Amino acid sequence: MKATFLFGLCVALAASVGCSNSPSHVAYVPLPFDNAVGAYRISDDSGKITKLPVSPFATGTSPADVAVHPSNKFLYVANQSENTISLFTIEESTGALKEVTPRTATGVTPSNMQVDSAGSFLFVANRSSNTISVFSIDAGSGVLTAVAGSPFATPPSPVAMTITPSGKYLYVADANLASVSAYAVSSGVLSAVPGSPFAVGNGPSDMIVDSGEHFLYVANSFDNTVSGFTIDSGTGALSLISGTPIATGTGPRALAFDSSGTFFYAANFGSTNISGFSVDTTTGKLTVIDKSPFTGPADPTFMVLSPSGKYFLIGSQSAKTITEYTIDASDPPTGALTSSGVTVTLDAAPVAIGLAK
């Protein structure tokens, strides 16, 4: 998973049974100026990206983010100017969407969403009302119900969130305070972790937790750095990793791991490149890899690993494209990134992407 800094737009990939024999996924792209969601099929084998003939699908006003349920049966859309969440059912064989009404009310300017790995809860960051709305998810219908105490107050301008794989802790980037707020999650109810909020660099724009939930990394877009923290497994408290913050290119906007978790990347919006690091999986320390930074598409705003683990999907805001980058597979691997030459032009600028595996 993944978040935006300015507009909170997001793309999500949902597993789907394709019309061909090879596995594929469908990418759902919010189109805020069209009040719609676009859909694109991505082949896991070839990486080919094709717009679905039934796309786009009408949604609420100014859709800003999407989240796919782990079952791949439901899609949630944050309608930023309407302060609502749309629920869509996903047709398994085609990827087509059908909205289920009525829409669910949120706080003001819902801009980022996260679904826990169990598919039990949806978390929504409301940027203008400085709150987090939390909803339980009905497993059969996908319908949302606010949990007790929701919405929960946060520091000003929550712009990005990430939840640990176990669902125990939720981390929220507070753009105005250069900090990350940490919350323990119990049946969807949020309670502040001791010591929260934790100081980071200026302009936190994205966060990511490793698969073992030992480490949290934060992109500091105004400082051109990444901060790394160890996560206390018992409390969720954060401790700064030695050697971080570490320099990146200009304006890091999105973070990603490779499939092994031994390489880590920052997509730099301002310098149009990708910073690459090796990861010490014991300490979390980052080390710049050879030939980093790697040339990226113009104004990269997101990068996510494909379901096959063969390549990253990297979005360009100015070119309105998604381009695939292969990961070096030599022995031993170097972590180097190279464009595969596969790219697709979208109906709107993609500024973030989330992936349901």
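What you see below is based on every heavy atom in this structure, not just the backbone, and it leaves out hydrogens, waters and symmetry mates. Here the structure is a predicted model, which means the values were calculated and not measured.
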Determine whether a donor-acceptor pair (N or O, by modelled atom type, separation under 3.5 Å) exists between the side chain of [X] and the backbone of [Y].
X      : Y      : answer
Ser133 : Val124 : no
Asn126 : Ser129 : no
Asp328 : Thr334 : yes
Ser157 : Ala175 : no
Asn112 : Ala125 : no
Asn35  : Thr59  : no
Asp280 : Lys285 : no
Asp223 : Asn202 : yes
Thr321 : Thr345 : no
Tyr171 : Thr164 : no

Rounded to the nearest 0.5 Å, what's the gap from [atom1] on [X] to [atom2] on [Y]? Could you check?
X      : Y      : atom1 : atom2 : result
Met113 : Asp65  : CE    : CG    : 4.5 Å
Lys48  : Tyr40  : NZ    : OH    : 15.0 Å
Ile322 : Met303 : CD1   : CE    : 13.0 Å
Thr154 : Leu190 : OG1   : CG    : 10.0 Å
Leu52  : Thr94  : CG    : OG1   : 7.5 Å
His25  : Leu313 : NE2   : CG    : 10.5 Å

Nearest non-hydrogen partners of [X] and [Y], listed with the distance:
X      : Y      : answer
Phe198 : Ala182 : CE1-CB, 3.8 Å
Pro204 : Asp174 : CG-O, 3.8 Å
Ser259 : Leu305 : N-CD2, 3.4 Å
Pro70  : Ser117 : CG-O, 3.6 Å
Met161 : Gln114 : O-NE2, 3.2 Å
Thr131 : Gly107 : OG1-CA, 4.5 Å

Fill in: Test side-chain contact (heavy atoms from CB on, under 4.5 Å) applied to Phe215 and Val209, step by step
CA-CA 6 Å; Phe215 311 114; Val209 175; over 6 Å; no
Pairwise side-chain contact, [X] with [Y], heavy-atom cut-off 4.5 Å (strictly under):
X      : Y      : value
Ser205 : Phe269 : no
Arg127 : Val159 : yes
Leu31  : Val29  : yes
Leu75  : Val66  : yes
Pro110 : Asn79  : no
Ile90  : Phe88  : no
Ile137 : Tyr76  : yes
Ile327 : Leu337 : yes

Not counting sequence neighbours, which residues clear salt bridge (charged side-chain N to carboxylate O under 4.0 Å, His left out) with [X]? List them please.
X      : result
Lys51  : Asp347
Glu213 : none
Glu99  : Arg103

Worksheet entry | Joint hydrophobic cluster, Val218 plus Leu177, side-chain heavy atoms closer than 4.5 Å | no
Worksheet item: Under a single-linkage definition using a 4.5 Å side-chain heavy-atom cutoff for Ile, Leu, Val, Met, Phe, Trp and Tyr, are Ile85 and Val108 assigned to the same hydrophobic cluster?
Response: no
Would you please say whether a donor-acceptor pair under 3.5 Å links the side chains of [X] and [Y]?
X      : Y      : answer
Ser43  : Asp45  : no
Ser227 : Asn220 : yes
Thr326 : Glu324 : no
Thr61  : Ser81  : no

Discussion item. Tell me if the centroids of the rings in Phe264 and Phe257 come within less than 6.0 Å of each other.
Written reply: yes
Practice prompt. Would you check if the distance from the ring center of Phe312 to the ring center of Tyr265 is below 6.0 Å?
Written response: yes
What side-chain donor-acceptor pairs closer than 3.5 Å can you find for residues 286-295, not counting sequence neighbours?
residue : atom : partner : partner atom : Å
Ser292  : OG   : Gly276  : N            : 2.8

Worksheet item: Near Lys168 NZ, under 6.0 Å, is it more than 12 heavy atoms from other residues, nucleotides or ligands?
Response: yes
Discussion item. Quick check on side-chain contact (heavy atoms from CB on, under 4.5 Å): which of Thr250, Thr248, Asp299 does Asn268 satisfy it with?
Written reply: Thr248
Discussion item. Does Thr104 form a side-chain contact (heavy atoms from CB on, under 4.5 Å) with Leu87? I'd like the steps, not just the answer.
Written reply: CA-CA 8 Å; Thr104 302; Leu87 162 64; over 6 Å; no
For a quick test of your reading: what N or O donor-acceptor pairs under 3.5 Å do the side chains of residues 237-244 make, sequence neighbours left out?
residue : atom : partner : partner atom : Å
Thr244  : OG1  : Gly228  : N            : 3.1
Thr244  : OG1  : Gly228  : O            : 3.3
Thr244  : OG1  : Ile241  : O            : 2.8

Item to complete: Check step by step if side-chain contact (heavy atoms from CB on, under 4.5 Å) holds for Phe74 and Val115.
Response: CA-CA 11 Å; Phe74 313 116; Val115 177; over 6 Å; no
Using distance only, find each side-chain donor-acceptor pair of residues 141-153 under 3.5 Å and give its atom names and separation, not counting sequence neighbours.
residue : atom : partner : partner atom : Å
Ser141  : OG   : Asp138  : OD1          : 3.1
Ser141  : OG   : Val143  : N            : 3.2
Ser150  : OG   : Val134  : N            : 2.9
Ser150  : OG   : Val134  : O            : 3.4

Item to complete: Test Val185 against Phe123 for side-chain contact (heavy atoms from CB on, under 4.5 Å), laying out the working first.
Response: CA-CA 11 Å; Val185 182; Phe123 302 84; 3.9 Å; yes
